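Pasting a structure below so you can have a look.
First the proteins, then the strands, lettered A, B, ... as listed; each starts at 1. Predicted model, so just to flag it, every value in this text is computed and none were measured.
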There are 4 protein chains.
Amino acid sequence: MSGRADRTRAELIRATTRLVREVGYAQTTTRAIARAAGVAEGTMYRHFPDKASLFLAALLEQHGPVVEAVERLPARAGQGTVEDNLVGCLRELATLREAVLPLELAMLADPELAAQRRRPPYPGGPGPGPPVRIAEYLAAEQRLGRVRADADPQRATMILLAVLFGLAVGPPAAPGPVDPDLIRDAVRLLLTGLGTAPG
Amino acid sequence: MSGRADRTRAELIRATTRLVREVGYAQTTTRAIARAAGVAEGTMYRHFPDKASLFLAALLEQHGPVVEAVERLPARAGQGTVEDNLVGCLRELATLREAVLPLELAMLADPELAAQRRRPPYPGGPGPGPPVRIAEYLAAEQRLGRVRADADPQRATMILLAVLFGLAVGPPAAPGPVDPDLIRDAVRLLLTGLGTAPG
Amino acid sequence: MSGRADRTRAELIRATTRLVREVGYAQTTTRAIARAAGVAEGTMYRHFPDKASLFLAALLEQHGPVVEAVERLPARAGQGTVEDNLVGCLRELATLREAVLPLELAMLADPELAAQRRRPPYPGGPGPGPPVRIAEYLAAEQRLGRVRADADPQRATMILLAVLFGLAVGPPAAPGPVDPDLIRDAVRLLLTGLGTAPG
Amino acid sequence: MSGRADRTRAELIRATTRLVREVGYAQTTTRAIARAAGVAEGTMYRHFPDKASLFLAALLEQHGPVVEAVERLPARAGQGTVEDNLVGCLRELATLREAVLPLELAMLADPELAAQRRRPPYPGGPGPGPPVRIAEYLAAEQRLGRVRADADPQRATMILLAVLFGLAVGPPAAPGPVDPDLIRDAVRLLLTGLGTAPG
DNA sequence: GATGAATGAGGATTCATTCAT
DNA sequence: GATGAATGAATCCTCATTCAT
């Protein structure tokens with residue numbers, strides 16, 4: 001129980017997430033985290049074996065809401081329009097991701113950190129998550145005849161998420177939230193296609 | 001005259017690019033760079049004012065080939081198929097980018113490094129580059145009736161490049177080259193569209 | 001509570017003062033200070049933001065005793081002889097200054113260090129100090145008729161202290177304590193005058 | 001004769017003197033000197049075995065004019081007033097010293113540099129210089145009855161020069177030329193005396 | 001559990017000096 | 001004589017981590 005310990009732990013994670021977003025990974029020192037969390041420097045090591053584990057925990061913390069947001073998608077197959085369903089889901093993903101994108105980038109940029117990602121910090125680890133649910137949704141729509149029969153739902157999902165990630169990070173964007181209009185444009189383009197001829 | 005200096009400079013850039021790719025930005029210390037380049041640590045500072053400038057130079061070094069690769073694209077409008085043209089171009093981009101992606105990620109992850117990007121290291125700076133050329137190509141194909149009349153070439157280009165970036169970095173990828181098949185799939189998807197009905 | 005921290009801080013200041021006196025400012029590296037203080041190099045930075053601040057603190061540490069020594073002077077006006085009073089005071093100043101003269105010289109020789117002196121390290125900063133007290137004393141003696149009526153006490157104080165500083169540093173001196181006889185000679189000369197005629 | 005080498009040497013000394021005065025000893029790097037002198041970094045070592053020797057040479061360069069200025073003093077004994085003679089001499093000294101005071105301070109602050117001063121850079125070294133000449137002058141005036149018979153000319157000279165040095169450096173003064181009025185005040189004070197009673 | 005002083009290896013950078021051209 | 005690229009030891013400082021209180 002010990003509500004105090006739990007609060008400290010949560011504070012540490014909140015501080016870490018905030019600092020990485022605001023000042024970048026390089027500037028997020030243990031001292032800065034401790035100060036931002038309002039605890040002593042040594043306290044961190046009561047809750048996490050080392051700094052990398054704290055980062056990992058911060059990253060996973062966000063995973064819950066993301067999963068939830070996508071969990072509902074497959075059930076919407078056949079309702080409304082495909083475009084609206086996808087746009088809604090991707091916008092939610094973009095919003096949630098905004099908080100952790102800097103953490104993800106830090107991991108991508110630092111192999112040593114990324115190595116930690118291999119071994120999930122607790123047995124079982126995070127569930128299937130967004131990619132699987134979106135693919136499920138696309139397959140369902142495919143069965144309903146609202147998505148081309150010759151498309152590969154998994155491949156399409158991969159590309160869909162790649163667009164999302166690319167737009168979130170992309171060169172034109174000063175770091176900041178993804179333009180929601182851009183998300184709709186992307187989904188529409190992916191649905192409609194760019195070409196005029198059958199091939 | 002200063003063949004030696006030129007060689008040293010090139011060696012430094014090569015070493016930096018290689019190290020960032022292999023061990024990540026955080027591990028790429030000035031000492032490691034010097035050792036890999038076969039020079040003394042102080043020598044670095046005769047060629048670059050500081051470490052960030054060296055990284056920037058390494059990044060820009062790659063810019064030339066990238067620009068060249070895309071420069072030829074607009075001229076191909078109307079020849080072959082749109083799909084093949086785009087796939088060819090994007091594959092080239094992917095290959096070239098492979099070398100600098102870790103550098104780009106480092107910049108994205110470290111605001112301090114990114115700040116350097118604002119002031120281009122030499123007057124004039126890099127030219128328009130890939131986005132503009134690809135948009136030009138799409139517009140040309142549009143005039144030829146091979147791309148939907150109601151598409152926005154610039155917006156489409158943005159999305160095209162976002163896919164490419166997302167695929168290069170994306171969650172599935174163990175760091176490594178982008179699967180060329182994935183590129184073709186993405187282009188085909190973008191051309192054909194995922195949907196069946198107009199909405 | 002923090003007896004240990006206080007002791008470390010004092011040790012750092014003592015080590016700094018000693019090293020600057022013995023080997024000069026240029027040789028007084030952070031490593032040497034740490035070694036002499038018996039602490040790790042990083043420990044210095046828990047107590048002082050940077051090296052210059054440590055020097056400044058070492059300088060101010062000495063300020064207390066100096067001020068006290070001169071504080072008593074004005075009260076002696078009219079007692080004993082003017083010569084003895086001044087000689088006693090200046091000898092004390094010379095002794096105290098001996099410890100910090102190298103620090104003062106370092107500041108004079110290095111504009112960057114001197115720049116730190118501008119902003120006093122704590123609000124309020126050091127009080128009026130020696131010059132004012134000596135001038136007060138001279139003015140008091142003047143009212144008692146033991147100092148020429150046409151003398152300017154402030155000007156005379158300035159010159160008195162200039163002699164002291166000049167003797168402490170001056171060309172003849174192998175670095176070391178000021179000869180006390182020289183101080184008496186100087187005071188006597190300043191009181192008696194060198195000339196015979198009014199002009 | 002090689003006028004070019006001579007000019008380079010002079011340029012190096014000029015640059016050194018100027019830089020030490022303007023930016024302080026610590027900032028006067030060999031690179032800065034070379035740049036300011038308009039020569040390559042390595043060239044310095046054609047003319048001086050090391051940096052300290054260059055500093056020493058710069059210091060001695062100034063010695064000539066100083067000596068000359070004081071050389072004429074003994075001959076003025078008996079002419080004009082003692083005050084005017086001394087004031088004139090000291091003011092000249094102050095002006096000349098202004099250029100090298102930073103160099104002298106640097107030497108005083110750095111024992112390693114000061115060690116070089118012991119062995120004069122060329123046999124014979126500089127002559128007796130100011131102290132002796134001023135003492136000679138005072139002794140001459142003493143014989144003429146214009147200086148107290150019981151004064152010690154050498155001791156008085158020492159004190160006179162100490163005042164000058166102290167005023168040039170002194171705490172109140174922002175670094176800059178010595179106020180000529182202050183010099184006259186000091187001389188007058190030393191001649192007239194501060195006291196009213198015979199002892 | 002929490003604290004924060006202490007650690008010390010390691011980081012980027014500087015600079016007097018050397019030497020091939 | 002002059003050049004300037006190269007050197008590498010040394011500098012100040014940072015920071016994840018430990019441990020006595």
Side-chain angles (χ1 to χ4, degrees), chain A residues 2 4-9 26-35 37-52 54, chain B residues 1-9 26-35 37-52 54, chain C residues 1-9 26-34 37-52 54, chain D residues 2 4-9 26-35 37-54:
Chain A
S2 76
R4 186 169 171 208
D6 281 359
R7 224 173 317 129
T8 299
R9 197 192 131 93
Q27 307 291 338
T28 303
T29 66
T30 50
R31 179 185 288 220
I33 293 170
R35 195 186 316 247
V39 301
E41 270 191 82
T43 298
M44 216 192 87
Y45 293 87
R46 278 280 142 206
H47 297 269
F48 303 95
D50 56 16
K51 198 186 161 194
L54 171 53
Chain B
M1 202 62 85
S2 48
R4 182 149 169 233
D6 282 356
R7 226 171 316 131
T8 299
R9 197 193 132 95
Q27 307 293 337
T28 303
T29 65
T30 51
R31 185 171 314 187
I33 294 171
R35 197 188 311 259
V39 301
E41 219 173 329
T43 298
M44 223 191 83
Y45 293 90
R46 288 202 72 77
H47 295 271
F48 304 95
D50 53 20
K51 200 186 156 194
L54 171 52
Chain C
M1 202 61 84
S2 48
R4 182 150 171 233
D6 282 356
R7 225 172 316 130
T8 300
R9 197 193 132 94
Q27 308 293 336
T28 303
T29 65
T30 51
R31 184 174 312 188
I33 293 171
V39 301
E41 219 174 330
T43 298
M44 223 191 83
Y45 294 90
R46 287 201 72 76
H47 296 270
F48 304 94
D50 54 19
K51 200 186 156 193
L54 171 53
Chain D
S2 77
R4 185 169 170 210
D6 281 359
R7 224 173 316 131
T8 299
R9 196 191 133 95
Q27 308 290 340
T28 303
T29 66
T30 50
R31 179 186 288 220
I33 294 170
R35 196 186 316 249
V39 301
E41 271 192 81
T43 299
M44 217 193 86
Y45 293 87
R46 277 283 140 205
H47 297 269
F48 303 95
D50 55 18
K51 198 185 161 194
S53 301
L54 170 54

Notebook entry, point to check: Could you give the angle between the helix axes at the two ends of the helix from E:dA2-F:dT21 to E:dT21-F:dA2, with five pairs per end, rounded to 10 degrees?
Noted result: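 That helix gives 10° between its end axes.
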Requested in this report: For E:dG11, take OP1 and OP2 only and decide whether either is under 4.0 Å from a side-chain N or O of B:Thr30.
Outcome: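 Answer no for this pair, as no side-chain N or O of B:Thr30 is under 4.0 Å from OP1 or OP2.
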- What's the CZ-C1' distance between C:Phe48 and E:dA5, to the nearest Å?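 So the two atoms are 14 Å apart, to the nearest Å.
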* What's the CE-C1' distance between B:Met44 and F:dG8, to the nearest Å? ->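 After rounding, the reported distance stands at 14 Å.
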**Message:** What is the separation between atom NZ on A:Lys51 and atom P on F:dT18, rounded to the nearest whole Å?
**Reply:**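 Checked: the NZ to P distance equals 14 Å.
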message: Go nucleotide by nucleotide along DNA chain F from the 5' end; which of A:Arg46 and A:Ala26 gets its closest nucleotide reached first?
response: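 So the residue in question is A:Ala26.
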Does any part of the side chain of A:Met44, heavy atoms only, come nearer than 4.5 Å to the side chain of A:Val39, both counted from C-beta?
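Sidechains of A:Met44 and A:Val39: no contact.
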Inset, instruction - Provide the closest heavy-atom pair for A:Glu41 versus A:Thr30 in the form atom of the first, atom of the second, distance. - result: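 That would be OE1-OG1, 4.0 Å.
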Query raised in the report: How long is the span from the OG1 atom in B:Thr43 to the CZ atom in B:Arg9, to the nearest 0.5 Å?
Result: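 Reported to 0.5 Å precision, the distance equals 14.5 Å.
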query: Looking for any heavy atom pair under 4.0 Å, which part of the strands does A:Thr43 touch: base, sugar-phosphate only, or nothing?
result: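 Base contact.
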Between E:dG11 (C1') and C:Tyr45 (OH): distance, integer Å:
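From C:Tyr45 OH to E:dG11 C1': 13 Å.
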Worksheet item: Closest nucleotide of DNA chain E for C:Ala40 versus for C:Arg31: which of these residues is on the 5' side?
Response: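 The answer here is C:Ala40.
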- Nucleotide of F:dA5, E:dA16, F:dT3 approaching B:Arg4 most closely (side-chain heavy atoms):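 So the side chain of B:Arg4 is nearest to F:dA5.
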- prompt: Going by modelled atom types, is there a donor-acceptor pair between the base of F:dC12 and the side chain of C:Glu41 at under 3.5 Å?
  reply: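 When only heavy-atom distances are counted, C:Glu41 does not reach the base of F:dC12 through any donor-acceptor pair under 3.5 Å.
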Taking every non-hydrogen atom, the tightest pair across B:Tyr45 and B:Asp50 =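 Reported closest heavy-atom pair: CE2-CA, 4.0 Å.
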Say you draw a straight line from OG1 of B:Thr8 to CZ of B:Arg46; how long is it, rounded to the nearest 0.5 Å?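 The CZ atom of B:Arg46 is 10.5 Å from OG1 of B:Thr8, to the nearest 0.5 Å.
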* Quick one: B:Arg7 CZ to E:dA20 P, roughly how many Å, whole number? ->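 To the nearest whole Å, that distance equals 15 Å.
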Open item on the list: In this structure, how many angstroms lie between the P atom of E:dG10 and the CZ atom of B:Arg35, rounded?
Closed with: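 From B:Arg35 CZ to E:dG10 P: 12 Å.
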Considering non-hydrogen atoms only, spot the tightest contact between B:Ala32 and B:Gln27 and give its length.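 Residues B:Ala32 and B:Gln27, closest heavy atoms: CB-O, 4.3 Å.
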Q) Has D:Thr8 got a side-chain N or O lying under 4.0 Å from the OP1 or OP2 atom of F:dA2? A)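 So the side-chain polar atoms of D:Thr8 do come within 4.0 Å of the phosphate oxygens OP1 or OP2 of F:dA2, strictly under.
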Atom-to-atom span, CG of A:Asp50 to P of F:dC15 - whole angstrom: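 Distance, rounded to whole Å: 17 Å.
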Item to complete: Could you check how far CD of A:Gln27 sits from P of F:dA16, rounded to whole Å?
Response: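 Computing the A:Gln27:CD to F:dA16:P distance gives 11 Å.
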| said: Please tell me if C:His47 has a side-chain N or O lying less than 4.0 Å from either OP1 or OP2 of E:dA6. | reply: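 The answer is yes; a side-chain N or O of C:His47 sits under 4.0 Å from OP1 or OP2.
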